[in-house]
Number of protein chains: 2
Amino acid sequence: MKLTKAEWQIMNALWEKHPATARQVMEQLPAGVHWAYTTIKTMLTRLVEKEAVSEAKQGNTSVYDPLVSQRKARLSAFRSLVDQAFDGAMGPLVHFLAEEEPLTPKQKKELAALLQDETTRKGESK
Amino acid sequence: MKLTKAEWQIMNALWEKHPATARQVMEQLPAGVHWAYTTIKTMLTRLVEKEAVSEAKQGNTSVYDPLVSQRKARLSAFRSLVDQAFDGAMGPLVHFLAEEEPLTPKQKKELAALLQDETTRKGESK
DNA sequence: AGGCGCATTCTACAGATGTAGTAGAATACT
DNA sequence: AGTATTCTACTACATCTGTAGAATGCGCCT
């Protein structure tokens with residue numbers, strides 16, 4: 001499930017608040033994004049075709065709901081990035097995260113803590 | 001500097017071995033990718049226009065070199081992903097890496113170690 | 001009944017992308 | 001020199017993306 005940039009914006013809005021009508025999606029878009037109403041409709045239609053969202057008629061109006069979870073979409077996008085820009089392996093990415101500066105020292109520490117935590121506290125439920 | 005999927009493949013080949021002629025780039029492509037020679041040329045031309053690679057004539061033949069570093073391209077791609085799929089913040093990404101399963105436990109431990117290391121060993125040269 | 005406002009579906013259209021064929025120039029082989 | 005090989009520069013073309021206008025339909029108010 002590959003989403004384009006514009007589609008991500010729509011999906012982000014939908015994940016944040018749903019079900020939602022096209023009008024509501026429009027309002028949910030980040031400030032600064034001023035698409036015509038029909039642009040949103042077009043996007044939503046395409047997303048429906050892609051089966052990324054569902055459409056249900058409420059009388060004359062369509063109400064949309066995400067069909068793919070944010071989690072799934074993120075996983076997929078993440079995978080794509082790794083495949084395409086990091087030799088498809090986590091190794092280079094891990095290295096990148098540690099060495100380059102996408103993370104502030106603080107965030108690195110935080111991530112380290114979370115990971116530590118996660119791998120330490122092993123053997124519980126779910 | 002936004003690279004498309006196909007462009008990444010070309011750049012990956014170039015970063016691996018450069019300078020290189022179109023023919024050499026072709027050979028450097030991952031097994032399974034069988035583009036026509038002219039396809040590669042087209043890509044290279046577009047990359048030159050984008051100023052992502054340089055082109056120098058050696059007699060009748062062009063030799064290409066990356067103009068943008070892999071590091072920079074990675075940073076940019078990474079940033080895009082975060083902006084578009086993770087609310088533009090590292091927080092959600094960090095959470096994602098810790099909670100979801102893009103990383104094997106082993107890799108998590110590894111990353112944790114690297115980060116720990118990096119943040120601990122603070123205050124050295126370079 | 002006529003009109004206002006909002007929703008819907010269609011159609012459009014330029015620029016980006018993936019992929020490559022053609023024709024002519026340069027080079028190399030015999 | 002004649003022919004085979006290899007480059008390069010152009011052109012092509014189907015899709016996909018981003019953006020949206022136009023025409024048309026439905027409910028409701030006066």
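Note on naming: letters A, B, ... go to the chains in the order of the sequence lines (proteins, then strands), and numbering restarts at 1 for each one.
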Looking for any heavy atom pair under 4.0 Å, which part of the strands does [X] touch: base, sugar-phosphate only, or nothing?
X: Arg46(A); result: base
X: Thr4(A); result: sugar-phosphate
X: Lys41(A); result: base

Using whole Å, report how far [atom1] of [X] lies from [atom2] of [N].
X: Leu44(A); N: dT8(C); atom1: CG; atom2: P; answer: 9 Å
X: Lys5(A); N: dA16(C); atom1: NZ; atom2: P; answer: 15 Å
X: His34(B); N: dG18(C); atom1: NE2; atom2: C1'; answer: 17 Å

Legend entry - Outermost nucleotides of DNA chain D that come under 4.0 Å of a non-hydrogen atom of chain A: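 Contact span on the strand: dT17(D) to dA22(D).
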
Got a second to check how far [X]'s [atom1] is from [Y]'s [atom2], nearest 0.5 Å?
X: Lys41(B); Y: Tyr64(B); atom1: NZ; atom2: OH; result: 3.0 Å
X: Leu3(B); Y: Gln9(B); atom1: CG; atom2: CD; result: 11.5 Å
X: Leu44(A); Y: Ile40(A); atom1: CG; atom2: CD1; result: 7.0 Å
X: His95(A); Y: Arg74(B); atom1: NE2; atom2: CZ; result: 9.5 Å

Inset, instruction - Identify, between Thr45(B) and Met43(A), the residue whose nearest nucleotide on DNA chain D lies closer to the 5' end. - result: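 Final value for this comparison: Thr45(B).
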
Legend entry - Side-chain N or O of Thr38(B) closer than 4.0 Å to phosphate OP1/OP2 of dT22(C):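 So the side-chain polar atoms of Thr38(B) never come under 4.0 Å of the phosphate oxygens OP1 or OP2 of dT22(C).
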
Legend entry - Phosphate OP1/OP2 of dG21(C): any Tyr37(B) side-chain N/O under 4.0 Å: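 Checking dG21(C) against Tyr37(B), no side-chain N or O comes under 4.0 Å of OP1 or OP2.
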
Legend entry - Pro19(B) vs Gln58(B) side-chain heavy atoms within contact, under 4.5 Å: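 When only atoms from C-beta onward are counted, Gln58(B) and Pro19(B) do not touch, as no gap falls below 4.5 Å.
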
Legend entry - Heavy-atom side-chain proximity of Leu75(B) to Arg71(B) below 4.5 angstrom: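 A side-chain contact under 4.5 Å exists here.
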
Legend entry - Of residues 54-63 of chain A, the positions that come close to DNA chain C - non-hydrogen atoms, cut-off under 4.0 Å: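 Going residue by residue through residues 54-63 of chain A, the ones with a heavy atom under 4.0 Å of DNA chain C turn out to be Lys57(A), Asn60(A), Thr61(A), Ser62(A).
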
Legend entry - Closest listed nucleotide, where the reference is the side chain of Thr42(B) and the choices are dG18(C), dA20(C), dT8(C):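 The closest nucleotide is dA20(C).
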
Inset, instruction - Report, as yes or no, whether the 6.0 Å neighbourhood of atom NE2 on His18(B) holds more than 12 heavy atoms from other residues, nucleotides or ligands. - result: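 Yes, enclosed.
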
Legend entry - Single hit among Leu14(A), Ile10(A), Asp65(A) for side-chain contact (heavy atoms from CB on, under 4.5 Å) with Val53(A):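 Looking at Leu14(A), Ile10(A), Asp65(A), the match for Val53(A) under the side-chain contact (heavy atoms from CB on, under 4.5 Å) is Leu14(A).
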
Legend entry - Electrostatic pair Glu7(B)-Lys50(B), nearest N-O below 4.0 angstrom: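 Salt bridge present between Glu7(B) and Lys50(B).
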
